[in-house]
Amino acid sequence: MAKKLVIKVTAGADAPERCSQAFTVAAVAVASGVEVSLWLTGESVWFALPGRAAEFELPHAAPLPELIDGIRAGGGAITVCTQCAARRDIEQKDLIEGAGIAGAQVFVSEIMPDDVQALVY
């Protein structure tokens with residue numbers, strides 16, 4: 001049985017290398033056939049809004065919009081933390097296509113099965 005990979009991103013433009021690593025790992029995993037669930041928390045939630053990923057720049061890193069497109073095209077899930085979205089006045093209608101909003105209960109239910117690997121960046 002294949003493992004699922006759940007990645008929680010806790011940083012955005014405030015910690016660009018950590019942020020980029022999380023999106024890169026998610027995109028590579030999806031491209032490798034791994035089931036991926038990417039959770040955006042803290043400042044990374046901004047990248048679930050249309051056009052915001054294009055504002056992110058990090059030398060020698062893949063462009064964030066391309067990574068997000070790869071994750072979505074490969075069937076990866078993108079979820080924004082409920083509380084993080086609320087603190088930023090972000091609603092479901094504001095998100096890029098395919099992204100959703102969910103809380104800690106859903107995150108915990110995703111990471112607890114034996115066939116899941118969780119990573120936090």
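- Of the possible donor and acceptor atoms, none in the side chain of T79 sits under 3.5 Å from a partner among the backbone N and O of I101.
- A side-chain donor-acceptor contact under 3.5 Å links D94 to the backbone of E91.
- Linking Ile, Leu, Val, Met, Phe, Trp and Tyr whenever their side-chain heavy atoms come within less than 4.5 Å leaves V116 and V25 in two separate clusters.
- Without hydrogens or angle criteria, T10 side chain to T41 main chain gives no donor-acceptor distance under 3.5 Å.
- Remark: side-chain polar atoms of R52 are not paired, donor with acceptor, to backbone N or O of A48 under 3.5 angstrom.
- Screening I111, L38, V120 for a side chain to side chain contact (heavy atoms under 4.5 Å, CB included) involving V6 leaves a single residue, I111.
- Using modelled atom types and a 3.5 Å distance limit, the side chains of W39 and E110 yield a donor-acceptor pair.
- Between the R72 side chain and the E97 main chain, a donor and an acceptor come within less than 3.5 Å of each other.
- Linking ILVMFWY residues whenever their side-chain heavy atoms come closer than 4.5 Å, directly or via other members, places L67 and V34 in the same cluster.
- Within the 3.5 Å criterion, the main-chain N or O of V9 finds a donor-acceptor partner in the side chain of S44.
- For S37 (side chain) and A77 (main-chain N/O), no donor-acceptor pair under 3.5 Å exists by modelled atom type.
- For S20 (side chain) and P16 (main-chain N/O), no donor-acceptor pair under 3.5 Å exists by modelled atom type.
- Nearest approach of S109 to P113, heavy atoms of both residues: O-CD, 3.4 Å.
- Going from atom SG of C19 over to atom OH of Y121 covers 11.5 Å, rounded to the nearest 0.5 Å.
- Atom CG of residue D69 and atom CD1 of residue I96 lie 8.0 Å apart, to the nearest 0.5 angstrom.
- A cation-pi geometry, defined here as NZ or CZ lying under 6.0 Å from the six-membered ring centre and within 45° of its normal, holds between K8 and F107.
- I78 and V106 end up in different hydrophobic clusters when Ile, Leu, Val, Met, Phe, Trp and Tyr side chains are linked at under 4.5 Å.
- Annotation for E55: atom CD counts as buried by contact number, over 12 foreign heavy atoms lying within 6.0 Å.
- Hydrophobic cluster membership differs between L58 and V28, with clusters built from Ile, Leu, Val, Met, Phe, Trp and Tyr side chains linked at under 4.5 angstrom.
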